[in-house]
Number of protein chains: 2
Amino acid sequence: MTRVLVVDDEPQIVRALVTNLRVRGYEVASASTGEEAVERVARGRPDVVIVDLGLPGIDGVEVIEAVRGWSSVPIIVLSVRDAERDKVRALDAGADDYVTKPFGIEELLARVRAAARRVAPAAEAAAVVAADFVVDLAARHVRNASGEVRLTPTEWHVLETLARHHDKLVTQRQLLQQVWGPAYETETNYLRVYMAQLRRKLEPDPSRPRSLITEPGIGYRLRTREGGQPTSGGPPA
Amino acid sequence: MTRVLVVDDEPQIVRALVTNLRVRGYEVASASTGEEAVERVARGRPDVVIVDLGLPGIDGVEVIEAVRGWSSVPIIVLSVRDAERDKVRALDAGADDYVTKPFGIEELLARVRAAARRVAPAAEAAAVVAADFVVDLAARHVRNASGEVRLTPTEWHVLETLARHHDKLVTQRQLLQQVWGPAYETETNYLRVYMAQLRRKLEPDPSRPRSLITEPGIGYRLRTREGGQPTSGGPPA
DNA sequence: CGGGCGCGCCAAGATCCCGTCAAGGCGGTC
DNA sequence: GACCGCCTTGACGGGATCTTGGCGCGCCCG
């Protein structure tokens, strides 16, 4: 969830923004002074900061400069001042955007989305951990105890499909459709060949698979280390 | 040097912007139609794009959508339209900023600086260290044991793309889109030629590459010295 | 208890993909 | 105007990969 920090000294502005953002599914915090704002950015690590220029105590521009000393969080400035000089000052201090009051709430929300979008890509780090190997979906590779395992395109595609639904049952039809296309729904032969291949490369004992599980008559399942099984206990004999 | 692409169909606007930007030390290119704009983004690799909404032929928003399909270059929209709906549309299509005409040139320049600043950190983040050479993304050059290696523009562009996703697999499509543009998605010939060229210049034994790895049927990967250990970044605590 | 079905396994042929080389065209520079 | 470097394009082995068929075994069902 995207976290937004709203900084303004006028309570009704803060209230309006916080309400609108919360309705849109953002997680919102607020601050009413510059000092508090800097503190909250440090503590809360928001994904986007909305800051008013006319703050009591330390000025909005000083807040921007302070934050920019150690963070690159996107900052959107709100201000009643429309003078070009003010905009240039704020932007050059490190702000990402400058919106003049009065503003439309939809416009501001769109600018928040634009700012949040820029930081989004860093968030995703997907790795599926099985008993004897790790599937890194982002880097598109698999590692086991002896290092990186080389997979062919089709092998990877099958494993990737299982990994994206880890611990869930994936039917043969799903797999065949995903990897070979809708025309191959019935070619269960392919699955047998490639599951065997994957087990040979990834399972310590391919004849007794621990992670690449067959669900007879239905499909296959990739069991993760924590995911699949009930918490405590005895391994099934 | 920061490279800016200006897209507008009114010659006097283009001229004014180009002049102002050049005086400030930017390297500026321009386009007057949407098609030309997309082409120039693909070829010229600008650091910032300034685009007018009211273009003949394909619309400004469509240009944004097309570019966003394969590039994350900052886009600043210019428009005479001040309606909130237009702003939201452009921003949600992928624009980073929206400036209403008439605008102050100083404000626009400040917004260009703000946009350019955001891409800078990624570039200065640095140097990708492979087994036998070092790719310095900021300085735009490559060094191996015998010193600096001369690369042609296209060679560099390919290597740069791999380096920006080091240890991750980059698909053939991604590479072709980044380097040659969206229209060249299927020209895998180019990749073979240029990967061979890069290996000849950078690998100690080009026939047995250690860093520029082929993933058959999928794409290529630049392997760094440490390997793919997740070095996920976070700001200092 | 017997039969059928589904799964694991193996091997061989056909196909696709990659690396390599070389020549032609284009634009920029001297 | 000539030269040079770079990009584009085509063709050609060699090797990895996909496809395909067949066989035996165990489990479920009749």
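Predicted, not measured: the structure shown is a model, and the values here were computed from it. Within every chain, numbering begins at 1; the chains are lettered A, B, ... in the order of the sequence lines, protein sequences first and strands thereafter.
- Summarising the geometry, the separation between CZ on A:Arg200 and C1' on C:dG8 is reported as 10 Å, rounded to the nearest angstrom.
- Rounding to whole angstrom units, CG of residue A:Asp205 and C1' of C:dC9 are separated by 14 Å.
- A:Leu191 places its CG atom 13 Å from the C1' atom of C:dG8, with the value rounded to the nearest Å.
- A close approach under 4.0 Å does occur between a side-chain nitrogen or oxygen of A:Thr214 and OP1 or OP2 of C:dG8.
- Under 3.5 Å, the side chains of B:Gln178 and B:Arg164 contain no donor-acceptor pair of N or O atoms.
- Side-chain contact of A:Thr214 with A:Arg199: a donor-acceptor pair under 3.5 Å is present, judged by distance alone.
- Side-chain contact, B:Ser32 with B:Asp9: no donor N or O sits under 3.5 Å from an acceptor N or O.
- Counting to the nearest Å, the P atom of C:dC16 and the CD1 atom of B:Ile218 are 18 Å from each other.
- Under the 3.5 Å distance criterion, with hydrogens and angles disregarded, a donor-acceptor pair is assigned to the side chains of B:Asp82 and B:Thr100.
- With ring centers used as reference points, A:Tyr194 lies 6.0 Å or more from A:Trp156.
- For the pair B:Met195 CE and C:dT20 P, the computed distance is 11 Å after rounding to whole Å.
- Of the side-chain N and O atoms in B:Gln197, none sit less than 4.0 angstrom from OP1 or OP2 of C:dT20.
- Between B:Arg111 and B:Asp96 no salt bridge is recorded (no basic side-chain N to carboxylate O distance below 4.0 Å).
- When rounded to the nearest whole Å, the span between CG of A:Leu198 and P of C:dG8 equals 12 Å.
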Base, backbone or nothing for each nucleotide of nucleotides 3-22 of chain D, written B, S, -, heavy atoms under 4.0 angstrom, 5' to 3'?
-> ---SSBBB------SSBB--
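- Protein atom CD of B:Glu203 is 17 Å distant from nucleotide atom P of C:dC18, rounded to whole Å.
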